[in-house]
Amino acid sequence: MHSTSALMFVPQRRRLKIAVPIAFLATLVIWGTAAGCAHREYFPGTTIVRTDENRKIIETVEKYRQRLLTRNTVGLLALASQKYFEDSGTPRSDDDYGYDGLKQVLEVRLQRVKSLRYEIEYRNIRVTGDQAEVEVFLDGSFELAAAEAGDRYRRVNDYHRFLLEKESDEWKFLAGM
């Protein structure tokens with residue numbers, strides 16, 4: 001009788017040993033699947049998380065790029081906030097300008113452009129409240145018509161920062177155009 005009860009107990013013990021790892025593995029698979037569903041999506045070719053807000057910001061910067069390529073001064077001004085201010089990155093104040101100065105700068109500079117290539121590589125977007133800082137790498141070239149010196153070719157290959165502010169449901173440029 002003693003050996004019969006021992007034989008009955010062994011298969012149950014083995015089943016229990018096998019059942020624990022299977023239950024453990026099933027739990028891991030469920031957690032792994034749930035974690036897999038929670039991964040972040042990024043904009044292609046960037047480390048920028050795909051969110052509705054980031055999409056709207058990138059769309060605004062892309063409108064800027066397209067309007068610059070077509071030399072659409074009115075369209076570019078429509079993307080700028082009335083609070084726009086550019087310090088030109090220099091310590092001097094005589095080259096700083098606001099929204100009205102932006103209009104003049106765009107009209108004068110874009111009139112001189114004969115051809116233009118302008119590409120933007122998005123590096124980072126930081127949104128803080130109603131403001132967004134967009135870090136990009138600019139790659140462009142343009143040909144300027146200069147009556148006194150003939151045609152001039154220039155290249156732009158540099159890191160740049162756009163500053164935007166949300167007004168109503170639209171993003172507008174505060175600086176960097």
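The shown structure was predicted, so the numbers you read here are calculated from the model rather than taken from an experiment.
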* **Counterpart residues, side chain to side chain contact (heavy atoms under 4.5 Å, CB included), relative to Lys166 (two or more places apart)** => Glu53, Asp130, Asp169, Trp171
* To do: Find the distance between OH (Tyr42) and OG1 (Thr51) and round it off to the nearest 0.5 Å.
  => 12.0 Å
* Is there a side-chain contact between Phe142 and Arg112, using heavy atoms and a 4.5 Å cut-off? -> no
* Asked: Under a 4.0 Å N-O cut-off, is there an ion pair linking Lys56 with Glu59?
  -> no
* Looking at OG1 of Thr46 and OH of Tyr122, how far apart are the two atoms once the value is rounded to the nearest 0.5 Å? -> 10.5 Å
* Asked: Nearest 0.5 Å, what's the CG-CD1 distance between Asn124 and Ile48?
  -> 6.0 Å
* To the nearest 0.5 Å, how far apart are CG in Leu68 and CE in Met177? -> 8.5 Å
Under 3.5 Å, which donor-acceptor pairs do the side chains of residues 70-78 form with other protein atoms, sequence neighbours left out?
unit_1 : atom_1 : unit_2 : atom_2 : d
Thr70  : OG1    : Gln66  : O      : 3.2
Thr70  : OG1    : Arg67  : O      : 3.3
Arg71  : NE     : Val113 : O      : 3.4
Arg71  : NH2    : Lys114 : O      : 3.2
Asn72  : OD1    : Val74  : N      : 3.4
Asn72  : OD1    : Gly75  : N      : 2.7

* Asked: Should Leu69 and Ile58 be regarded as members of a common hydrophobic cluster, given that ILVMFWY residues are connected when their side-chain heavy atoms come within less than 4.5 Å of each other, either directly or indirectly?
  -> yes
* Structure fact -> With sequence neighbours left out, the residues meeting side chain to side chain contact (heavy atoms under 4.5 Å, CB included) with Glu119 are Arg117, Asp139
Residues 100-111, side-chain donor-acceptor partners within the protein, below 3.5 Å, at least two apart:
none

* **Check: Glu170 main-chain N/O paired with Ser168 side-chain donor or acceptor under 3.5 Å** => no
* **For Phe43, ring pair (Phe, Tyr, Trp, His ring centres under 6.0 Å) partners two or more places apart** => none
* To do: State plainly whether one hydrophobic cluster holds both Leu163 and Phe85, where clusters connect Ile, Leu, Val, Met, Phe, Trp and Tyr through side-chain heavy atoms under 4.5 angstrom apart.
  => no
* Over all heavy atoms of both residues, which pair between Ala132 and Ile57 is shortest? Give the atoms and the distance, please. => CB-CD1, 3.6 Å
* To do: Taking the side chain as every heavy atom from C-beta outward, state whether Leu174 and Leu164 have any pair of such atoms under 4.5 Å apart.
  => no
* To do: Check His160, Arg126, Arg161 against Glu135 for a side chain to side chain donor-acceptor pair (under 3.5 Å) and give me the one that passes.
  => Arg126
* **Those residues that, when tested against Phe173, pass ring pair (Phe, Tyr, Trp, His ring centres under 6.0 Å) (two or more places apart)** => Tyr64, Phe162
* CG of Leu79 to NZ of Lys172: how many Å apart, nearest 0.5 Å? -> 6.5 Å
* Asked: Taking C-beta and beyond as the side chain, do Val127 and Asn54 meet within less than 4.5 Å on heavy atoms?
  -> yes
* Indicate the atoms forming the closest heavy-atom contact of Ser81 with Glu167, along with that distance. => OG-OE2, 2.7 Å
* Measure the CG-CZ distance between Asp158 and Phe137 for me, rounded to the nearest 0.5 Å. => 7.0 Å
